[in-house]
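Please read the structure below before turning to the comments.
As the structure is a computational prediction, the values presented were derived from the model and not from experiment. Each chain gets a letter, A, B and so on, in the order the sequences are listed, and its residues count up from 1. Atom set for the values below is all heavy atoms of this structure, side chains included, hydrogens, waters and symmetry mates excluded.
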2 protein chains.
Amino acid sequence: MKHEDSHQHSQQDSHQHSHHNHNDCIDTALETAETLCAEQGQRLTKVRRRALELIWESHRPLGAYQLLAKLAEEGFNSAPPTVYRALDFLLGAGLIHKVESMNAYLGCAHADKAHKGYFLICDECHNVMEFDYQDIHAALIEKAAHQGFELRAETIELTGLCAKCKAKKVGASA
Amino acid sequence: MKHEDSHQHSQQDSHQHSHHNHNDCIDTALETAETLCAEQGQRLTKVRRRALELIWESHRPLGAYQLLAKLAEEGFNSAPPTVYRALDFLLGAGLIHKVESMNAYLGCAHADKAHKGYFLICDECHNVMEFDYQDIHAALIEKAAHQGFELRAETIELTGLCAKCKAKKVGASA
DNA sequence: ACAATTTTGTTATGATATAACAAGTAAAAC
DNA sequence: GTTTTACTTGTTATATCATAACAAAATTGT
């Protein structure tokens, strides 16, 4: 196993965990975003920046219209193109991912690393964990190449039961 | 590698290939569908059967409203619920897959085998190949379990350039 | 035939996303 | 420092994907 790492993006509530202060995550993500945009001559404008923050503040993947509502509350323009433009920008910059099976958007924890989003999605609590698994990535590239296919992007979304919800179920039936 | 197999679901046109008669595919798929439904006491009604056929006849994943239009041409009811009900049934029976990143539906080549759909999607021609890769499946289960996650379903959609389109590009630039 | 179940018809609406063009704003060129 | 250019945002309208709710019809079991 060359490299493997994972990151719990979401949490049950807004309180701080003993092992995970989500506010730090947001701060780091925003700093990374600033840096990346600066490096690439991209403009992280007010709406774009605030959209990214709001996506990070959410504990689960955020729908476009949910995000739009939050932005509208803060006085931003409340027509759909506003939010979709921001989302397009952030997706293009690799700062967020789209979870295709949920039509929702999630802050990317490894924006600086150039990667694909691999997700574990809990059917019960709808929390999403992003993970990065080089072995699988390599295997997929090889598998695709074997069929003459040149891989560009990967959508890997796994659903099931997360550890917490599994524990809760066992407790309930006991 | 324990098991690996793939199947080219789509083709450029409706003519027969030297190595692939798509009509045979459709026939086989429909027979399998009949058998499976009979075994499980499920009713493969007219709309459902015709929907499945139409999905198979399409050379690419078919959108719900595209399917609806085809059904309407043939005198079936042309309101959305008709097609979504048929799709729900076929999805539930494992006879088709939904390609999440395209919001489109594709005949399942291994309906009898109980599996997840892994797809290679060409950005150029939009053809889709389904493949089945036990090594990756096993690795994903293990990886998820390692994080206490109980895997139930997998959405694996890989995009890029298929062999044909790659060849075409090389030819064009030469 | 009757009741129970499932499937389909029908109307309406919700949810997700983009087209097209005008107006504003920041960056670059002069 | 104004003009030109490119980019970003505002605004209206509409396309696309999907489901809720309830009535009618068909199928199945008794």
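Across C:dT18, D:dT8, C:dT11, the shortest atom-to-atom separation from the side chain of A:T45 is found for D:dT8. Taking every side-chain heavy atom of A:A79 into account, D:dT12 is the closest of C:dT11, D:dT12, D:dA18. Closest to the side chain of A:R48, from the set D:dG10, D:dT8, C:dT16, is D:dT8. Minimum atom distance to the side chain of A:V47 is reached by D:dT9, of the listed C:dT10, D:dT9, D:dC17.
For D:dA18, the OP1/OP2 oxygens have a side-chain nitrogen or oxygen of B:K98 closer than 4.0 Å. Proximity of B:Y105 to the phosphate of D:dC17: no side-chain N or O atom is located under 4.0 Å from OP1 or OP2.
Both B:P81 and B:R43 lie near DNA chain C, and the one whose nearest nucleotide falls closer to the 5' end is B:R43. Of the two residues contacting DNA chain C, namely B:P80 and B:Q42, the nearest-nucleotide position lying further toward the 5' end is that of B:Q42.
The aromatic rings of B:W56 and B:H22 lie tilted to each other, with the angle between the two planes from 30° to 60°.
B:N103 has its CG atom 10 Å from the P atom of D:dT19, to the nearest Å.
Contact detail for B:L44 and B:C37: the closest heavy-atom pair is CB-SG, 4.0 Å. A:S78 and A:A72 get closest at one heavy-atom pair: CB-CB, 3.5 Å.
Centre separation under 5.5 Å together with a plane angle under 30° holds for the ring of A:Y65 and the six-membered base ring of C:dT16, marking them as stacked.
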In sequence, state the C-alpha distance, the side-chain angles, and the governing distance for A:S101 and A:E157, and then conclude on side-chain hydrogen bond (donor to acceptor under 3.5 Å, both in side chains).
-> CA-CA 7 Å; A:S101 54; A:E157 299 174 6; 2.5 Å; yes
